[in-house]
Amino acid sequence: MDGQHSDRSRSRTSIDRTSSAMSRNPRIFSHVSVSTKESSTCTQEPPDYASWGQESHPTTFLLCRSKSSQTSLEHELFMEEAYNSAICFKMLRDIGTSDLLQTKYLTKKIKRMAQRCPNLVMETIHDYFKDNPEISCRHRLRLFEVLVTVIGTLNVLEETWQKCFMQLALEHMTKSTELDDIYQDAASNVLLALCRHSWPAVAKHLETELLTGVFPHRSLLYVMGILFSQEKFLKKEDRESWKDLLSQMTRKSVPFLNTDVWSKELLWAITKAGRTQQEHAPEKAFLFVYYGLILQAEENSTTVRTHLKTLLETSHQWDKQREGIALTVGLVAVRHLDDAWAILEQFGRSTPLRWSLQNLSLKPHTQSNKDLRWKWASSTMLLSYGQMAAWAKSHILPWVDNILSRMIFYFRFSSWDETLKQSFLTSISMLVGAISRSEGAHSYEFSQTSELLECLMTLMEKEPQDTLLTSVHQQVIRIVSSLCALRPPIDVERKSRLLSICFRSILALPQLDALEKQACLLLEQPNIQGLYSQTMEALDHMLQCFMVQNPTVNELHFLLSHLYIWLTSEKTHERQRAVHRCTALFKFLNHKQCLSTKENFIRVGQLVAMLGILCQDSDSTIQCVSLEALGHLYQLLMHQKAQETPEVERESPRELFGPDADGAVRWSSGDQKGCPPIPQGMASKDDSIFYMSSDQALQAITNHLEMAELTDLIWTTIDGLGSTSSSWVQAAADLLLLVIQEHGDSLATVGKMGQAIHQHLCAIQMPQAKDSALRVITLLARNHIPELVAAFLDFSTPLDSQAFRLWRALGAEQPASYLILTVLLAWLQKRPLPPSVGDGSSYPKEKSYLRSLAAMNTIHELQFAREFKKAVRDVFPQLFLAHLAQMHYILELSQPTEPEQEQEVQEVAVLNPQSTSLEALKSLLSTTGHWHDFAHLELQSAWEYFTSIHTYPQAVGLLARAMVQNHCTQIKAVLGYLLPNLQSQQERERKTAILLLVEFLYSPALLEVLSKQAALTVLAQSLQDPSSEIRVASLQGLGNILFHPEKESLLQSQLPAFLNGFFQKSEAVVVGIMGMVSDVLHRLGMQGAGAQTLSIAINTRYFFDDEQDKVRAAAMALFGDLVATVADRNLRGLRTQVCQSMVPLLLHLKDQCPAVVTQAKFTFYRCAVLLRWQPRHTLFCTLAWENGLSARHFLWTCLMTHSQEEFSIHLSQAINYLHSHHRHIKTWAALFIGYTTCYQPQAVSQMLSDKDIKLLSSTFKDLKKDPEPGIREFATRQLLFFWKVSARPNQ
């Protein structure tokens, strides 16, 4: 259409413009027109319009100056106006054919032109509408939009244009076109734009049209709807008049309710489907308001109820429809609260609503359109109750519990979906908001708040745990924040559940980038960053509200205790969120200073420990925020501990948040861009904490903690050692070390701390963290050894590797190791019999008994530890005596007499204390350089004597005798501790002491400690001992040769007679006589047998190969005892006897009799000692524990190395043993000869006779069948050698 009339319109407009200009200025006679070329180019690209964006280049003036410099000013003004009018006209025309982007561009240019020449633009637009009535509806719609923009730009609009364009808008507002409502709305927008310039006229028209008695056109309702929802179209002074006007119109519209046609049209307009069903057109939104205001003004209760009932029976399918119905109900409730409540109750019992409820539903229906009309009716009910509360304001307080009960009912029994959820939250928010705005709310006690909280918690729990697409979380939390100010207060258990659910639903959400990635899949993507920040702010605000309502340290501890699990989370973003919440809460409390100072902080040590550990977190953000939290906590502590400062008058909850709780200042950390600074009053002297490192800050805080708080801090760090996070464990260990370094000296309950560290030590995988934990034990040992030792004993039976490391750490510093052993000895000496053995003693006694066993076990292990090496040597005498007494104690326990005793002994057997006590004694001797004494008992197999209470005296005697014979350097020291033990209350200690003393009488070192007379006195006093065993031992000691020198010659003179008894036929007699000679030699001590020594040696060696096992064993034992008595004397002829006995003793190591083997080992060792063989310790180890070919080869090497002069004798002795009837001895002799052959083949071949060679060959043939592969291979090689030797004479 525009194309058909373009030429005519352009021509007419040009003429009119010229005529108008000439009529205003007669001197102007020039005619201006727009060329066709200019018009054609403007539709594609509007370069001419750009001149309006460059105010410094007036094109018109340039053109005029270029044409003629003599043109008058009037002509220039005329030309400028004409040109601008033509440009504006052209742009208005082109808008009809432009695309959307070009239309926006043209509109922008016209807007700029209107700012410079408003009348010109308004006149041009008016004339364009007037002169072009045939333009299309779409073109006219765009012109309306341009007109709205231009009018909105102007601050002042001439009255002429107000009337013209108001008339234009009114003409087209009701006009029907193919664009339907869009066209009418565009025209209505012109009227709305005119409201700022001519409100009285517009208002008068609106009132007139609305009160005609005929239901108003939708465009009129559209205008009123926009005015009701958007006040920007009115000046401030006109807004109140609009409200008054609306109130008057609604009152005057009340009679229309009784007009059937008007009422039906109203209901039809309300229920009429919109363009998209989901949108809520302004006219329909206003209709709900208008309807509600009319019913509000209606005096007749019946009429109100009838209309409300009719409205509720309409469709509830669409969101905006439900919201509009609820708004109408809310407005009615302002004056007709009882009627609104009654109608809602009546509708709640209706069949359609009952159908929508989940557990009250009728039989299943298909989802028809009729069904969908009622499916969400319960959501409408929820919104209606919320609107009722919001509009009724203070009148709602008595109704709150009833309304809440209905809301809770519909929430619980309606079909669960997003619609119900949002309706419930919206309605609850409106109700809670109404309550919070009511001044008398705090005087009411609401009974339904607990049920409401349960619903909110259920709703929160049902939210997805991996997405954040809606504001449900923050809505729930804001409602809770408001509820916490109501009575009754939330009970502790419910609040605990609430906090747990809120933290789990929010803090456990995925990371922000993951949330945003999930939102990318949606068609309409929400602002995830905004939702996240708002949700975190809401959570902070809830915590702050809890503190405002109950500003006590108990409440603070309660809130933080629910955050601790998140502070220790394995996920970084969860820890980060949790520490942000802590920091925000501390910052808020610091700013408001509302926290009560009447009570001390609860478990502040735990809090400091948590934050201190987080200061070492792997995430840098957590480190910074945790350090900030420590700073605020420090300030809280300083404020709380400032006893000299008078208590600050705390503000009321309403004052803290300001007049509007929803507008409260929310202190947050991390999730907000900026945080208010710390007030000057607080920051003046304490803000230095914010500039410290984490270690410095922790030191500053711990210096102000009480002992109980420090203890709590330490316990928290110890618990942190058990974390599954390696970084948390490392940080906890470092913090624990830091605190112990500063405050370890003054701590209490360190024993339990040590036990806890032990429990976590095995789970610590990081070496550095484990070293820090062990270093803590070392530091604690400086001042707490007794407590730590007692505690460690509880887990030292048995002693695992981690416990052993703890003990080593405990004694890492030299002074501590000595004290530790001293304390362990004290525990070792607390040897009460267990309850079943004693007199029914109590648990502490039983614990002492178990600790005594544990002390023994611990000492046994520590004797091997490098850290305790010197200390063990220093306390050797005490340890020696303690071990001997402990073995006697264990033997006492191993004699049950009752069933209960048997059970106790079984428990002891599980710990195996008997073997442990024996091993402890062995390790003491072997690790302190007393292995010679150890070797004597080991080679005699004398340790088994310690396994019986009856042979215990013999075992102690043999050990003491070994010490004497080896000239032990500790005898004097042992005697110094032994003598006091003779006066002990414990029989076992007196018994051990007297047994040792009797043997030590043979040592010259005795007289360096005790005079002969003093020794006699001690022994004499022991004759009065209650124990018969002690008295017998004392008598034996009194008969020692030390006190009776004359016995030496007497005993030596009896030896020849004893030697004659060796040749008796009776085995028992011979063995007895040999034993008696050994006893005589022992009683003679270092004096020895004198002249009879050689005779005894010769006669004894004769019986080495006796056929009777016991005789052989006794002979070897006697020979060993004889060798021991002459160890330091001139060997004279005895040396030959000793050398000649080495091969028999060596070969009898393979004797068939175990007793003979034992005596052969011991005697061989004694002879080697006498002959000063080296290496002696290796020789002992080989004799004691090795039994293979390598051991045999080593012993042969020792013999050959140290006895080269007796080579021929040794070889001949070995050849003689080839005739032995004992297969093992014969084999060993053959191997001996074989070894000799390998190293000295020529000497052997010269000494062997043909008979010997045949015997050896026969022997090695038999050895080729030996089960041991090494012997078979060795025998094969030897046979080749002997065949070669036997073949030489023939050659």
Side-chain angles (χ1 to χ4, degrees), residues 932-933 935-937 939-940 957-958 960-969 971 999-1006 1040-1042 1045 1047-1059 1062 1073-1104 1113-1146 1148 1159-1174 1176 1179-1180 1183 1198-1199 1202-1203 1205-1206 1209:
H932 305 87
D933 310 325
H936 271 237
L937 272 72
L939 294 173
Q940 293 182 81
L958 288 174
R961 188 177 303 173
M963 295 174 69
V964 172
Q965 292 175 353
N966 290 313
H967 307 288
C968 178
T969 57
I971 289 180
E999 289 297 332
F1000 285 171
L1001 291 174
Y1002 295 102
S1003 173
L1006 174 72
N1040 192 280
I1041 195 173
L1042 176 65
K1047 282 188 174 182
E1048 178 183 351
S1049 57
L1050 179 62
L1051 292 174
Q1052 289 178 350
S1053 63
Q1054 300 298 320
L1055 288 175
F1058 289 139
L1059 293 177
F1062 287 2
I1073 293 174
M1074 289 183 178
M1076 192 174 297
V1077 174
S1078 293
D1079 185 61
V1080 169
L1081 292 175
H1082 170 60
R1083 292 181 184 277
L1084 287 170
M1086 293 297 107
Q1087 307 302 324
Q1092 303 296 324
T1093 301
L1094 184 58
S1095 177
I1096 296 173
I1098 295 172
N1099 285 280
T1100 303
R1101 281 189 58 245
Y1102 176 79
F1103 293 96
F1104 280 5
M1116 293 178 186
L1118 176 56
F1119 191 83
D1121 292 337
L1122 178 66
V1123 169
T1125 61
V1126 295
D1128 293 334
R1129 298 175 182 274
N1130 188 2
L1131 296 181
R1132 299 179 184 176
L1134 185 62
R1135 178 181 178 83
T1136 302
Q1137 296 298 320
V1138 171
C1139 291
Q1140 293 179 2
S1141 67
M1142 298 305 284
V1143 170
L1145 291 173
L1146 183 63
H1148 276 288
Q1159 294 302 329
K1161 287 182 179 180
F1162 185 41
T1163 304
F1164 187 89
Y1165 175 75
R1166 282 179 154 181
C1167 292
V1169 172
L1170 180 67
L1171 297 174
R1172 303 183 185 280
W1173 285 10
Q1174 296 295 339
R1176 192 180 303 175
L1179 176 63
F1180 153 65
L1183 289 171
C1198 289
L1199 182 62
H1202 297 94
S1203 304
E1205 298 177 356
E1206 289 82 12
I1209 299 175

Rounded distance (nearest 0.5 Å) linking atom CE of Met1142 with atom CG of Leu1145 | 6.5 Å

Output the distance between atom CD1 (Ile1096) and atom OG1 (Thr1125), rounded to the nearest 0.5 Å.
-> 8.0 Å

Which value, rounded to the nearest 0.5 Å, describes the distance between Asp1079 atom CG and Leu1118 atom CG?
-> 11.5 Å

Drop me the distance from Tyr1165's OH to Gln940's CD, to the nearest 0.5 angstrom.
-> 11.5 Å

Pairwise distance CZ(Phe1164) to CZ(Phe1180) - rounded to 0.5 angstrom | 14.5 Å

Residues, nucleotides or ligands: over 12 heavy atoms within 6.0 Å of Arg1083 CZ | no

Centroid-centroid under 6.0 Å between Tyr1102 and Phe1062 rings = no

Locate the shortest heavy-atom distance separating Gly957 from Glu999; write the atom from each residue and the value.
-> O-CG, 3.5 Å

Heavy-atom closest pair (Ser1053 atom, Pro1056 atom, distance to 0.1 Å) is O-CD, 3.4 Å

Evaluate side-chain contact (heavy atoms from CB on, under 4.5 Å) for Asn966 paired with His936, printing each intermediate quantity in order.
-> CA-CA 9 Å; Asn966 290 313; His936 271 237; 3.4 Å; yes

Is there side-chain contact between Phe1104 and Gln1159, with at least one heavy-atom pair below 4.5 Å?
-> no

Where the side chain of Arg1166 meets the backbone of Ala1124, is there a donor-acceptor pair that is under 3.5 Å apart?
-> no

Looking only at heavy atoms, which two atoms of Thr1093 and Val1126 are closest? And how far apart?
-> CG2-CG1, 3.9 Å

Considering only heavy atoms from C-beta outward, does the side chain of Leu1146 approach that of Leu1199 to under 4.5 Å?
-> yes

Note: Ala962 and Asp933 closest approach over all heavy atoms is O-OD1, 3.3 Å

Side chain proximity check, Val1077 to Leu1055, heavy atoms < 4.5 angstrom = yes

List the steps and the verdict of side-chain contact (heavy atoms from CB on, under 4.5 Å) for Arg1135 and Cys1139.
-> CA-CA 6 Å; Arg1135 178 181 178 83; Cys1139 291; 4.2 Å; yes

Check whether any side-chain heavy atom of Phe1103 sits under 4.5 Å from a side-chain heavy atom of Phe1119, and report yes or no.
-> no

Val1123 and Thr1163: CA distance, side-chain angles, deciding distance, side-chain contact (heavy atoms from CB on, under 4.5 Å) verdict | CA-CA 8 Å; Val1123 169; Thr1163 304; 5.7 Å; no

Contact summary for Leu1059 and Ser1095, nearest pair of heavy atoms = CD1-OG, 3.2 Å

CD/Gln1137 to SG/Cys1167 distance, rounded to the nearest 0.5 angstrom?
-> 11.0 Å

Ring centre gap for His1082 and Tyr1002 strictly below 6.0 Å | yes

Nearest heavy atoms of Met963 and Ile971, plus distance in Å = O-CD1, 3.7 Å

Quick check: does any side chain N or O of Lys1161 sit under 3.5 Å from a backbone N or O of Leu939, one acting as donor and the other as acceptor?
-> no

Steps toward side-chain contact (heavy atoms from CB on, under 4.5 Å) verdict (Gln1092, Phe1058) = CA-CA 11 Å; Gln1092 303 296 324; Phe1058 289 139; over 6 Å; no

